[in-house]
Amino acid sequence: GLVDGFGPGGGTGGTYGGGGAHGGDGGAGSGNFAGGTAYCSAQPVYSMGSGSGEGNGGSVAGADGGGLVFLNITNILTINGTITSDGAAGNTYQGGGGGGGIYLVADTLSGSPTSLTATGGSSNGFNLSGGGGGGCAGVTWTTASSIDATDINVNAGSGWAGGTLPEVGFEEAAQGN
């Protein structure tokens, strides 16, 4: 993901950094240090989470946003495990990173995933910095799918002001040839 306030939804640095954004807005840190603004509304998902604002007057770097997991598989994609693209947790001074992105594309999506997450990082410590905004998720298939966008956790992180949830992830059943 993107680091230290970088990215289109980077949090503002200051005493208590604002959370990074992605699908949802980052939360503000105490003292009105703004969180980032959401930017993942266009589908498909090809973006990462933004970093949070730095804290303690710049002496504590911001937390990283979550990365992007993009799987484009011909035939069958079976997921029975875990895929994680979470924003990093902040501390007392740095906000949480924005949640990452998960985009799954296949002719057939199958399996029983244990955990699929692209969550925003929470502010730890005294919770004076902002929480990261929730991530972005999507699935596209041609033939069949036992996995849908609601299987992907895109919750926002908590903090002085928590990040916000993104719009519901999208799913699309493409027409076969």
Side-chain angles (χ1 to χ4, degrees), residues 1-70 83-104 115-139 149-171:
L2 300 164
V3 300
D4 195 13
F6 287 97
T12 302
T15 307
Y16 303 107
H22 192 197
D25 295 333
S30 176
N32 292 321
F33 295 100
T37 301
Y39 54 93
C40 181
S41 58
Q43 304 299 344
V45 178
Y46 293 126
S47 55
M48 299 182 279
S50 290
S52 71
E54 60 191 19
N56 201 25
S59 67
V60 178
D64 297 347
L68 172 64
V69 177
F70 174 39
I83 297 176
T84 303
S85 181
D86 297 337
N91 62 27
T92 299
Y93 297 105
Q94 66 184 172
I102 296 177
Y103 184 36
L104 308 174
S115 175
L116 302 173
T117 64
T119 61
S122 290
S123 165
N124 293 324
F126 297 109
N127 289 323
L128 294 172
S129 54
C136 278
V139 296
T150 63
D151 292 322
I152 304 173
N153 177 351
V154 291
N155 286 336
S158 62
W160 179 260
T164 64
L165 293 172
E167 294 180 18
V168 176
F170 85 104
E171 60 185 85

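Numbers here simply count residues along the sequence, with the first being 1.
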**Message:** How long is the straight-line distance from OG1 of Thr119 back to CG of Asn155, given to the nearest 0.5 Å?
**Reply:** 7.0 Å
**Message:** To the nearest 0.5 Å, what is the distance between SG on Cys136 and CD1 on Ile152?
**Reply:** 10.5 Å
**Message:** I need the Asn56 CG to Leu128 CG distance, nearest 0.5 Å.
**Reply:** 11.5 Å
**Request:** Check Ser129 against Gln94 and note the closest heavy-atom contact, atom names and distance.
**Result:** OG-O, 2.7 Å
**Atom of Thr117, atom of Asp86 and distance for their closest heavy-atom approach** = OG1-OD1, 2.9 Å
**Exam field: side chain Thr164 to backbone Asp25, donor-acceptor pair closer than 3.5 Å** = yes
**Request:** Kindly give the heavy-atom pair with the smallest separation between Gly101 and Ser85, and that separation in Å.
**Result:** N-OG, 3.4 Å
**Side-chain (Ser122) to main-chain (Ala89) donor-acceptor, under 3.5 angstrom** = no
**Prompt:** Between Ser50 (side chain) and Gly9 (backbone), is there a donor-acceptor pair under 3.5 Å?
**Reply:** yes
**Item:** Within 6.0 Å of CZ in Phe70, more than 12 heavy atoms from elsewhere
**Value:** yes
**Asked** Gly23 and Ala38: which non-hydrogen atoms are nearest, and at how many Å?
**Response** O-CB, 3.5 Å
**Request:** Determine, stepwise, if the pair Leu68 / Val45 fulfils side chain to side chain contact (heavy atoms under 4.5 Å, CB included).
**Result:** CA-CA 8 Å; Leu68 172 64; Val45 178; 4.1 Å; yes
**Message:** Determine whether a donor-acceptor pair (N or O, by modelled atom type, separation under 3.5 Å) exists between the side chain of Ser52 and the backbone of Ala63.
**Reply:** yes
**Message:** Please find the pair of heavy atoms, one from Pro166 and one from Gly134, that lie closest to each other, and give the distance.
**Reply:** CD-CA, 3.9 Å
**Message:** Taking the ring centre of each residue, are Phe33 and Tyr16 less than 6.0 Å apart?
**Reply:** no
**Message:** Determine whether a donor-acceptor pair (N or O, by modelled atom type, separation under 3.5 Å) exists between the side chain of Tyr39 and the backbone of Ser47.
**Reply:** no
